[in-house]
**Q** 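Shown below is the structure under consideration.
Numbers restart at 1 for each chain; the letters A, B, ... are given by sequence-line order, proteins then strands. Just so it is clear, the structure is predicted and the values come from calculations on it, not from any experiment.
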Amino acid sequence: MVTRRIPHFDLAQIAESGQCFRLNREGPNWRLIAHGKVLQMRQHGETVQFLCTQKAFEEIWRGYFDLDTDYGTFLASPAPDDSYLAGAAAYGSGIRILRQDPWETLVTFLLSQRKNISAIRSAVEALCTRFGKPIHRGKETFYAFPTAKTLARCSPEDLSACSLGYRVPYVADAAKKVACGALDLPSLNGLDNDALQEALLRIHGVGIKVASCVALFGYHRLDCFPRDVWINRVLETHYGGRFDPLRYKGFAGVIQQYLFYYARNEKIDHR
DNA sequence: TGCCAGGCTTCAC
DNA sequence: GTGAAGCATGGC
């Protein structure tokens, strides 16, 4: 087990921030399935326990949770005249931008379109349960996110059974391109933001919004500022459409997450 | 029960 | 180039 005191870190906020869909509360613990592994965690205030070896923590999870980035700087960045953003940042001060697997991020955001977050979770879990490699831990069995090769072999009916709806051909196209080598996701790491986005846009079903989510959450391009229905609503309602992400150059994606999480919970709280 | 969801493609014009 | 229609399905 690895114990760390981590400021500006909140597993509940990360789980509800809409960037990842396989981080769940399990009684007093948290369970994450990522990079083909199952990780359990506990958090009390700033103290976080990772139930893994020191080696796994250093090699995978420390980077995954972006623990070497100073989020204090981001949290202190809102312009003095922007009380809405200051409130949003304070509200979601434990959010981190995870370093997720590009393939998993691509598929989850392909199928995120016109689905709410609960529905995305269900569809992702269905894909994993049906097509993911089993991970055995004691008496329990979990499932890794399915590989491109596996999904490329699936029939439209197979994919359809995971509630993908009209997104079936999108996922199928992405899987085939990656499986046959026409699209080499790891090599896209070497591209600048514009070239990366351009490469992602060649996939059927990937538009500007999905491409920027994949860039932000799968390639850790903190500069990317995805605009979805929530963000557009916030920018229209609270900024009269005049919000400029360039004001937060280098970390606009973090700011976007604060705004998204705040706006979404604002609505949930008012139900 | 009906509305809406971390949008995109297609097709008029 | 721009705008609107159409899309499958689950969750609330």
**Q** Round to a whole Å and report the spacing from CZ of A:Phe109 to C1' of B:dA5.
**A** 14 Å

**Q** Classify the angle between the aromatic ring planes of A:Phe65 and A:Trp61 as parallel (below 30°), tilted (30 to 60°) or perpendicular (above 60°).
**A** tilted

**Q** Could you state the atom-to-atom distance from CD of A:Glu157 to P of C:dT9 in whole Å?
**A**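 Value for this atom pair: 12 Å.
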
**Q** Contact list please: residues 243-256 of chain A against DNA chain C, heavy atoms, distance less than 4.0 Å, in numerical order.
**A**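 Going residue by residue through residues 243-256 of chain A, none turns out to have a heavy atom under 4.0 Å of DNA chain C.
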
**Q** Give the other cluster members for A:Met1, using side-chain heavy-atom distances under 4.5 Å between Ile, Leu, Val, Met, Phe, Trp and Tyr residues; answer none if it is isolated.
**A**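 Once heavy-atom contacts under 4.5 Å are chained together, A:Met1 belongs with A:Leu51.
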
**Q** Establish, with yes or no, whether the OP1 or OP2 oxygen of C:dG10 is under 4.0 angstrom from a side-chain nitrogen or oxygen of A:Ser163.
**A** yes

**Q** With a cut-off of less than 4.0 Å, is there a side-chain N or O of A:Arg233 near OP1 or OP2 of B:dA5?
**A**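 So the side chain of A:Arg233 is within the cut-off, an N or O lying under 4.0 Å from OP1 or OP2 of B:dA5.
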
**Q** If you check the A:Asn116 side chain, which of C:dG10, B:dT10, C:dC7 turns out closest?
**A**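 Side chain of A:Asn116 sits closest to C:dG10.
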
**Q** Base, sugar-phosphate, or nothing: which does A:Ile208 touch, judged by heavy atoms less than 4.0 Å apart?
**A**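 A:Ile208: backbone/sugar contact only, no base atoms under 4.0 Å.
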
**Q** Would you mind classifying the nucleic acid contact of A:Ile117 as base, sugar-phosphate or nothing, using non-hydrogen atoms under 4.0 angstrom?
**A** sugar-phosphate

**Q** Give A:Gly18 one of three labels, base, sugar-phosphate or nothing, depending on what nucleic acid heavy atoms sit under 4.0 Å from its own.
**A** base

**Q** Expressed as a whole number of angstroms, how long is the span from A:Lys115:NZ to B:dC3:P?
**A**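 So the two atoms are 20 Å apart, to the nearest Å.
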
**Q** Could you tell me whether A:Val210 contacts a base, only the sugar-phosphate backbone, or nothing, with contacts defined as non-hydrogen atoms closer than 4.0 Å?
**A** sugar-phosphate

**Q** Whole angstrom is fine here: how far is it from CH2 in A:Trp230 over to P in B:dA5?
**A** 7 Å

**Q** Expressed as a whole number of angstroms, how long is the span from A:Arg264:CZ to B:dC4:P?
**A** 17 Å

**Q** Establish, yes or no, whether a centroid distance under 6.0 Å links the rings of A:Phe217 and A:Phe109.
**A** yes

**Q** Looking at A:Arg4 and A:Glu46, is any side-chain nitrogen of the basic one under 4.0 Å from a carboxylate oxygen of the acidic one?
**A** no

**Q** Identify, with sequence neighbours excluded, every residue that meets side-chain contact (heavy atoms from CB on, under 4.5 Å) alongside A:Ser122.
**A** none

**Q** Between the side-chain atoms of A:Tyr261 and the base atoms of B:dG6, is any donor-acceptor pair under 3.5 Å?
**A**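 Answer no: no donor N or O sits under 3.5 Å from an acceptor.
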
**Q** Identify the heavy atoms of A:Tyr143 and A:Cys128 that sit nearest to each other, and give their distance.
**A** CB-O, 3.3 Å

**Q** Using the P atom as the point on both nucleotides, what is the distance between B:dG6 and C:dA4, in whole Å?
**A**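 Those two atoms are separated by 23 Å.
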
**Q** With a 4.5 Å cut-off on side-chain heavy atoms, are A:Leu159 and A:Leu127 touching?
**A** yes

**Q** If you find the nucleotide of DNA chain B closest to A:Lys209 and the one closest to A:Gly205, which residue's nucleotide is nearer the 5' end?
**A** A:Lys209

**Q** With C1' as the reference atom in both, quote the distance from C:dA8 to B:dC4 in angstrom, rounded to an integer.
**A**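 Each nucleotide's C1' atom is 13 Å from the other's.
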
**Q** Quick one: A:Arg121 CZ to B:dA5 P, roughly how many Å, whole number?
**A** 18 Å

**Q** Separation of A:Asp228 atom CG from B:dG7 atom P, in whole Å?
**A**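 About 6 Å, once rounded to whole Å.
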
**Q** Shared ILVMFWY cluster between A:Tyr258 and A:Ile14, side chains joined below 4.5 angstrom?
**A** no

**Q** Specify the separation, in whole Å, of atom CG of A:Leu111 and atom C1' of C:dG10.
**A**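 Between C1' of C:dG10 and CG of A:Leu111: 13 Å.
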
**Q** Classify the ring geometry of A:Tyr84 against A:His238: parallel below 30°, tilted from 30° to 60°, perpendicular beyond 60°.
**A** parallel

**Q** For A:Ser122 and A:Arg167, take the nucleotide of DNA chain C holding the closest heavy atom to each; which residue's nucleotide lies nearer the 5' end?
**A** A:Arg167

**Q** Check for me: is A:Phe260 stacked on B:dG6 by the 5.5 Å centroid and 30° plane-angle rule?
**A**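 Stack criterion met.
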
**Q** Among B:dG6, C:dT9, C:dC7, which nucleotide has an atom closest to any side-chain atom of A:Arg114?
**A** C:dC7

**Q** Check the phosphate of C:dG10 against A:Ser118, side-chain N and O only, distance under 4.0 Å to OP1 or OP2. Yes or no?
**A** no

**Q** Check every strand shown and say whether A:Ser17 touches a base, only sugar-phosphate, or nothing at a heavy-atom separation below 4.0 Å.
**A**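 Base contact.
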
